[in-house]
Amino acid sequence: METFQSLLAKKLSNALKNAGLPDAGELTPASDPRFGDYQTNAALVLGKQRGENPRVLAEKIVARFDTDDLCDAPAVAGPGFINFTLRPSAVAEKTVEVLRDDRLGIAEAKSPLRVVIDFGSPNVAKPMHVGHIRSTVLGDALARIAQFLGHEVIRDNHIGDWGTQFGMVIYGWKNLLDRRALQRNPLTEIVRIYKETNQRATSDPEVREACRQELIKLQAGDRENLDIWNECVALSMQDFELVYKLLDIHYDIQCGESFYHDRLPGVVERLLKSGIAEISEGAVVVFFRDNPELADKPLIIRKRDGGFNYATTDVATVDYRIDDLKADAIWYVVGAPQILHFKQIFNIARREGYTADLRHITFGSILGEDRKLMKTRSGENVPLRDLLEEACKRARKIIEEKNPHLSDDEKTAIVQKIGIGAVKYADLSQYRMTDYIFSWDKMLSLQGNTAPYLQNAYVRIRSIFRKAGESVPKIDKLVLADSAEINLGKRLCQFAETVPQVLNDFRPNILANYLFEVANSFHTFYEACPVLKSPEPARSSRLALCDLTAQVLKQGLGLLGIKVPEKM
RNA sequence: GCGCCCGUAGCUCAGCUGGAUAGAGCAACGGAUUUCUAAUCCGUGGGUCGGGUGUUCGAGUCACCCCGGGCGCGCCA
């Protein structure tokens, strides 16, 4: 199925050829409804290239443009733009086409990639907190979208399960552990012993040294320490799973840092051998002398004491993902503070001859109402599970107010979709690089660009079908007369143009904003155009529009990892 | 010192590769409901796009310099 955009672009290309001109500029949705539905700046670009009057060129192009019932005669406007307005009949036909397509018009990628997406990556022995929302939710949405577009996605949870923190955890386990507390709430107890050990270590050099020894024993394969480590990892994973279940997130593989442990010596040897790394002040270091930006920022891959670090693991991770998993691309959904680190890692990968497409997909922070990093009142990280439960609690309160007659079971199911959806949407509807201020009232509001507003549009449609008591009519012809109908139809046809755009720059907010516009157009239509009370053929047409709107909302939100309720 | 990100309406934010008179939502004000979920819709007011210089037919967008905020830069992850 072809979108209006690509149909028009082809026609434009033909017109240019017939006018003896090369392809130029671009054909995009109109910047303003006054200018029609699509516009091209081809004549402006060509005018500049050839030193000719753009308006004259535009006229020449328009004269050779075959509209073919698709749109009205293109109009030349302003400095030389060409504007296209779709004919309602063409919109009606395309809408039917989209309705019959189980992909809602969205084409699969021409050259599918195998892409590893690295997102989430919580640390063992620490509960997941707000800091993990963005990576997790953004990574999951990108994975869903890439997968839907036909890419082969491998979702990888790069868990922090092998850091220096284990020296302290093991020391705490051996000296401070309360077994009963561990049974009651495992992660809380592990965090407690970790924190307490950390405190002791800062003030007491002997404790610090003891922790170091525990870490060395662990890394040397000491049985007792390995057992403790294994148990901590398992308990932490159980805790992560609870959150993933709430968020409806799954991973294909969970290769944490420990997975790469025994590959690290080989990595360092290889880099030394190839001359990419060298020994400096007793450590093994990679310099980036020919890169002005990195010239004064070397990267240590083996410490003076022989230990490996984060950077070593990340080099090994690139190896595994490309050599073993055969990835064409790796997307790292990791916060902006690590930009430098990934530049270094990617630079090494290129020097080693890897050609895979490596992307660091960065994002900003979540701030509290005070515009500082979001923390609890006591200054701690807000546990993610608490936050999600709070979201559901608040959603329940609203539902009970608005729709008290729902059964308890119904409410519970709805509340999860609304509460979790609100948290996810608040994140995804905003450009990922901007820090955003976390506000319960805003994200759960029924007005504005929020998940509940979009979900409500869906619910209203479902309500119409319940009321009608009939299944969706199979239609082969739509009649679009009212401007609200035509606008909605156009909007729905744009779904296929919007979704692929997200991956241009990894911006799910493009899809979120589109869905908001769909819901807006639908509500306008809903006010202006009665559905069930209309005579045929309007009634069937409108039912079909409703049906397609519901499908686009459900599919679109689904691609963002957000569910829709039938009632709310 | 070097580098990265951000700065757009009172508030929260869109504006991908430079395109026409800069847009939403909230808040404010004014309307609409015998109607499929008013949980909505329609309308009004609101801007030196942090400041400046430059590049060009055209700059919120690109380059350079400032201002303000955040972050990162050999032995943490």
Side-chain angles (χ1 to χ4, degrees), chain A residues 25-26 28 30-32 34-35 39 41 44-45 47-48 53-54 77-81 83 121 123 160 162-165 257 280-287 292-305 307 309-311 313-314 335-341 343-344 362-365 367 371-373 398-399 401-403 429-431 433-437 439 441-442 445-450 452-453 455-457 459-468 501-502 504-507 509-510 512-513 516-517 520 523-533 542 546 567-568:
Chain A
E26 52 193 6
T28 58
S31 59
D32 188 297
R34 284 188 307 253
F35 305 135
Q39 64 182 44
N41 61 349
L44 290 164
V45 174
K48 186 177 194 169
N53 182 333
F81 287 99
N83 294 330
S121 309
N123 289 319
W162 197 253
T164 42
Q165 80 266 29
E257 289 167 351
S280 165
E281 295 174 32
V284 179
V285 181
V286 177
F287 289 94
E293 201 185 324
L294 300 178
D296 60 341
K297 308 206 182 326
L299 182 70
I300 289 175
I301 56 171
R302 195 177 70 199
K303 298 187 281 186
R304 197 197 309 240
D305 68 5
N309 54 23
Y310 182 50
T313 305
D314 271 354
Q338 293 186 46
I339 284 178
L340 174 61
H341 171 75
K343 274 185 183 157
Q344 294 170 321
T362 57
F363 50 84
S365 326
L367 309 180
R371 294 171 165 279
K372 294 189 175 153
L373 277 182
I398 296 169
I399 295 296
E401 234 169 68
K402 300 285 186 184
N403 216 342
S429 60
Q430 211 150 114
Y431 175 53
M433 280 310 293
T434 36
D435 294 346
Y436 80 88
I437 296 174
S439 161
D441 291 343
K442 287 205 171 101
S445 166
L446 295 314
Q447 300 165 325
N449 192 4
T450 66
Y453 174 82
Q455 288 164 325
N456 179 240
V459 163
R460 287 179 125 185
I461 296 168
R462 300 307 304 152
S463 176
I464 290 175
F465 282 107
R466 270 197 304 276
K467 187 115 177 177
Q501 256 195 306
V502 171
N504 273 350
D505 193 34
F506 309 103
R507 298 188 181 207
N509 69 308
I510 289 177
N513 292 342
F516 176 60
E517 282 166 2
N520 246 324
H523 276 127
T524 303
F525 157 84
Y526 184 90
E527 295 288 327
C529 305
V531 178
L532 298 176
K533 286 175 185 160
R542 289 175 178 178
C546 286
K567 298 177 185 174
M568 63 191 275

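These numbers come from the heavy atoms of this one structure, side chains and all, not from hydrogens, waters or symmetry mates. To find a chain, count down the sequence lines: A is the first, B the second, and so on, and within it residues start at 1.
The separation of B:rG10 from B:rU53, taken at their C1' atoms, amounts to 31 Å, rounded to a whole angstrom. The same atom, C1', is picked in B:rU56 and in B:rU48; the two are 22 Å apart, to the nearest Å. Nucleotides B:rG43 and B:rC71, compared at atom C1', are 44 Å apart to the nearest Å. Going from the C1' atom of B:rG72 to that of B:rA77 covers 14 Å, rounded to whole Å. Here, B:rC11 and B:rU17 have their P atoms 26 Å apart, quoted to the whole Å. Between B:rC67 and B:rA27, the two C1' atoms lie 30 Å apart (nearest whole Å). B:rG46 sits 14 Å from B:rC26 when the C1' atoms are compared, rounded to a whole Å. Atom name C1', nucleotides B:rG23 and B:rA63: the rounded distance is 27 Å, in whole Å.
Counting only heavy atoms from C-beta on, A:Phe516 has its side chain closest to B:rG25 among B:rU37, B:rG25, B:rG74. For A:Ile437, the side-chain atoms get nearest to B:rC13 when compared with the rest of B:rC13, B:rC75, B:rC71. Considering only the side chain of A:Met568, B:rA39 comes nearest among B:rU40, B:rA39, B:rC6. Comparing B:rC36, B:rC16, B:rC42 by their closest approach to the side chain of A:Lys467 singles out B:rC36. Taking every side-chain heavy atom of A:Asn520 into account, B:rC41 is the closest of B:rC75, B:rG74, B:rC41. Which of B:rU17, B:rG74, B:rG23 sits closest to the side chain of A:Glu26 comes down to B:rU17. Of all nucleotides listed (B:rG19, B:rU40, B:rC36), B:rC36 comes nearest to the side chain of A:Val531.
Across the protein-nucleic acid pair, A:Asn504 atom CG and B:rG15 atom P stand 13 Å apart, rounded to whole Å. In this structure, A:Gln430 places its CD atom 16 Å from P of B:rC16, rounding to the nearest Å. In this structure, A:Lys533 places its NZ atom 6 Å from P of B:rC36, rounding to the nearest Å. Rounded to whole Å, the distance from CZ on A:Arg507 to P on B:rG15 is 5 Å. What separates CG of A:Leu294 from P of B:rC73 is a distance of 14 Å, to the nearest Å. The separation between A:His341 atom NE2 and B:rG74 atom P is 13 Å, rounded to whole Å. Rounded to whole Å, the distance from CG on A:Leu299 to C1' on B:rG3 is 16 Å. A:Gln455 places its CD atom 13 Å from the P atom of B:rU40, with the value rounded to the nearest Å.
Side chain A:Lys343 to base B:rC4: no donor-acceptor pair is found below 3.5 Å. At a cut-off of 3.5 angstrom, counting only N and O atoms as typed in the model, there is no donor on one side facing an acceptor on the other between the side-chain of A:Ser31 and the base of B:rG15. A donor N or O paired with an acceptor N or O is found under 3.5 Å between the base of B:rA20 and the side-chain atoms of A:Gln39. At a cut-off of 3.5 angstrom, the base of B:rG58 holds at least one donor-acceptor pair with the side chain of A:Lys48.
Side-chain N/O atoms of A:Thr313 include none lying less than 4.0 angstrom from OP1 or OP2 on B:rA77. Note on A:Tyr453: a side-chain N or O is less than 4.0 Å away from OP1 or OP2 of B:rC41. Note on A:Lys303: a side-chain N or O is less than 4.0 Å away from OP1 or OP2 of B:rC76. Contact annotation: A:Thr434 side-chain N/O to B:rU8 OP1/OP2 distance is not under 4.0 Å. A:Asn509 has a side-chain polar atom (N or O) that falls below the 4.0 Å cut-off from OP1 or OP2 of B:rG15. Between B:rU40 and A:Gln447, a contact under 4.0 Å exists linking OP1 or OP2 to a side-chain N or O. A:Asn41 has no side-chain polar atom (N or O) that falls below the 4.0 Å cut-off from OP1 or OP2 of B:rG58.
Judged by distance alone, with hydrogens and angles left aside, the side-chain atoms of A:Thr434 form no donor-acceptor pair with the main-chain N or O of A:Gln430 at under 3.5 Å. No donor-acceptor pair closer than 3.5 Å links the side chain of A:Asp435 to the backbone N or O of A:Gly364. The main-chain N or O of A:Tyr310 is never found under 3.5 Å from a side-chain atom of A:Glu257 such that the two would form a donor-acceptor pair. Under a 3.5 Å cut-off, the side chain of A:Arg542 and the backbone N or O of A:Pro530 do form a donor-acceptor pair. A donor-acceptor distance shorter than 3.5 angstrom exists from the side chain of A:Thr450 to the backbone of A:Ser445, with no hydrogens or angles considered. Checked by atom type and distance alone, the side chain of A:Asn41 pairs as donor or acceptor with a backbone atom of A:Glu26 at under 3.5 Å. Judged by distance alone, the side chain of A:Asn456 and the main-chain N or O of A:Pro452 form no donor-acceptor pair under 3.5 Å.
Put simply, A:Phe81 rests on the base of B:rA20: the two rings are less than 5.5 Å apart at their centres and nearly parallel, under 30°.
Along RNA chain B, the nucleotide nearest A:Ala336 and the nucleotide nearest A:Ile464 are compared for position; the residue whose nucleotide lies closer to the 5' end is A:Ile464.
When heavy atoms are screened at a 4.0 angstrom cut-off, A:Ser463 is found touching base atoms of the nucleic acid. When heavy atoms are screened at a 4.0 angstrom cut-off, A:Glu517 is found touching no nucleic acid atom at all. No contact: A:Ala295 has no heavy atom under 4.0 Å from any strand. If you check every strand for non-hydrogen atoms under 4.0 Å, A:Tyr436 touches sugar and phosphate atoms only. Using a 4.0 Å heavy-atom cutoff across all strands shown, A:Ile339 reaches sugar-phosphate atoms only and no base atom. When heavy atoms are screened at a 4.0 angstrom cut-off, A:Asn83 is found touching base atoms of the nucleic acid. Residue contacts for A:Lys402: at a heavy-atom cut-off of 4.0 Å it reaches a base atom on one of the strands shown.
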| message | Dot-bracket, 5' to 3', for RNA chain B please: Watson-Crick or G-U pairs under 3.5 Å, [ ] where pairs cross earlier ones, | where the partner sits on another strand, dots elsewhere. | response | (((((((..((((.....[...)))).(((((.......))))).....(((((..]....))))))))))))....

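Ring centers of A:Phe81 and A:Phe35: at least 6.0 Å apart, outside the cut-off.
Scanning all heavy atoms of the two residues, the minimum distance from A:Gln344 to A:Pro298 falls at NE2-O, 3.6 Å.
Within the 4.5 Å cutoff, side-chain heavy atoms of A:Leu340 are placed close to those of A:Leu294. Contact of the A:Leu367 side chain with the A:Leu373 side chain is registered, since non-hydrogen atoms from C-beta on lie closer than 4.5 Å.
Base orientation at B:rG74 is syn, since its O4'-C1' glycosidic dihedral falls within 90° of 0.
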